[in-house]
Amino acid sequence: MTDVRLENLVFGIVGAGAMGRGIAQIAAQAGAKVLLYDTRSGAAAEAVAFVRQMFQRLQEKGKLDAAQAQAACGRLAVAESLAEFSPCQLVIEAIVEDLEVKRGLFKDLEEVVADGCLLATNTSSLSVTAIAAACRRPGRVGGFHFFNPVPLMKVVEVIDGFLTEPWVGTLLASLARQMGHTPVRAKDSPGFIVNHAGRGFVTEAFRLLGESVAEFYEIDRIMREAAGFRMGPFELMDLTGLDVTHPVIESIYHQYYQEPRYRPSPLAQQRVTAGVLGRKSGRGFYQYQNNTPVAMPVTPLPAERPARVWVSRSCAPSRQQLVTLVSSLGGALDERTTPQAD
Ligand code: NAI
């Protein structure tokens, strides 16, 4: 199964939004023929034009030569209906995050594609098993969870649903590698790996905000500058859009039977109701002008400095490092065995 060459395959992509476009780009660039379908009239054509523009940009940057860019553009095509997916060996779904809509789509796809065609879902929070269960052949359904923006985020979760046959994950992982991505195999569980771990990042950030521990922009700054994240949780939510993030938070919470650690925040629901979604609505946690966030205040450092710093002797072996740090910052050390009042 790992020797299946992507260049010989026809991919169908349903849903030509942010994710569908990204997946179409990496697939066509790697050599697959890609058909894009979307229920919104004109959306698939817009997506094809967008991805072709991306190839042109890659050519301008010298990452593709003219022949490669032209060939990649030529491998993209619009499908006017699902019926055009009959020659596909793989269909990837990236439509609205709604279980019943996805189940309906997979049922419709089974009426069109051959029995050996692999059906993959890019769902970020729904059960792959539940999507597959709607199918006549649930064994050929797997999760293929890319991240946004797809061409830059090089990891993809390959998810085995309860009834997924082993060849599905093996093939998806091989195709991911051929598209320059790193597959990570995961079992079907709420949030899989990344969005499960992400509860500590996003849900907990709302908890910090709700408890007035710090301002949202201070939490972001700490996560960037101290914890080394590329962006903080509120910057990430503004990028993704709360209309996407909040339902994911709710879905994972309910799938874990109302586990208190994952409880959604009323602050998020209020923002969604108000339409304050993030970059896409011009205002999220940050205000945006020409898609650039308006700068937030930087909390000044306290003007007062401690007279002396006492470093516990029980914190060896890092004590010497702390002593050196205090000295290098120009601080005075309190060398007594117990700390003084100041
Ligand atoms: P999007 O809203 O940008 O695009 C969805 C597209 O699907 C739209 O163009 C819409 O017209 C189309 N669509 C809706 N229902 C359809 C149907 N029944 N048949 C055909 N087309 C239909 O959404 P986005 O962000 O691309 O997300 C798509 C999927 O990918 C969702 O399941 C989402 O959870 C998942 N995902 C999203 C990520 C993100 O950061 N945006 C990251 C990883 C996964």
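Atoms within a ligand are numbered from 1 in the order they appear, just like the ligands themselves.
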*Residues forming a salt bridge (Lys or Arg N to Asp or Glu O under 4.0 Å) with E304, sequence neighbours excluded*: none

_Tell me every residue that passes salt bridge (Lys or Arg N to Asp or Glu O under 4.0 Å) with R230, counting only those two or more places apart in sequence or in another chain._
none

*Determine, using ring centers only, whether H181 and F147 are less than 6.0 Å apart.*
no

*Establish, yes or no, whether a centroid distance under 6.0 Å links the rings of Y262 and H254.*
no

Once you restrict both partners to nitrogen or oxygen, which atoms of ligand 1 have a protein partner under 3.5 Å, and how far apart are they?
unit_1, atom_1, unit_2, atom_2, d
ligand 1, 3 (O), A18, N, 3.1
ligand 1, 9 (O), D38, OD2, 2.6
ligand 1, 11 (O), D38, OD1, 2.7
ligand 1, 21 (N), T39, N, 3.3
ligand 1, 21 (N), T39, OG1, 3.4
ligand 1, 26 (O), A18, N, 3.3
ligand 1, 26 (O), M19, N, 2.9
ligand 1, 30 (O), N122, ND2, 3.0
ligand 1, 32 (O), I95, O, 3.2
ligand 1, 32 (O), E97, OE1, 2.5
ligand 1, 32 (O), K102, NZ, 2.7
ligand 1, 34 (O), E97, OE1, 3.0
ligand 1, 34 (O), S124, OG, 2.8

*Does NZ or CZ of R261 come closer than 6.0 Å to the centre of the six-membered ring of Y253, within 45° of the ring's axis?*
no

*Taking only residues two or more places apart in sequence or in another chain, which ones pass ring pair (Phe, Tyr, Trp, His ring centres under 6.0 Å) with F201?*
F229

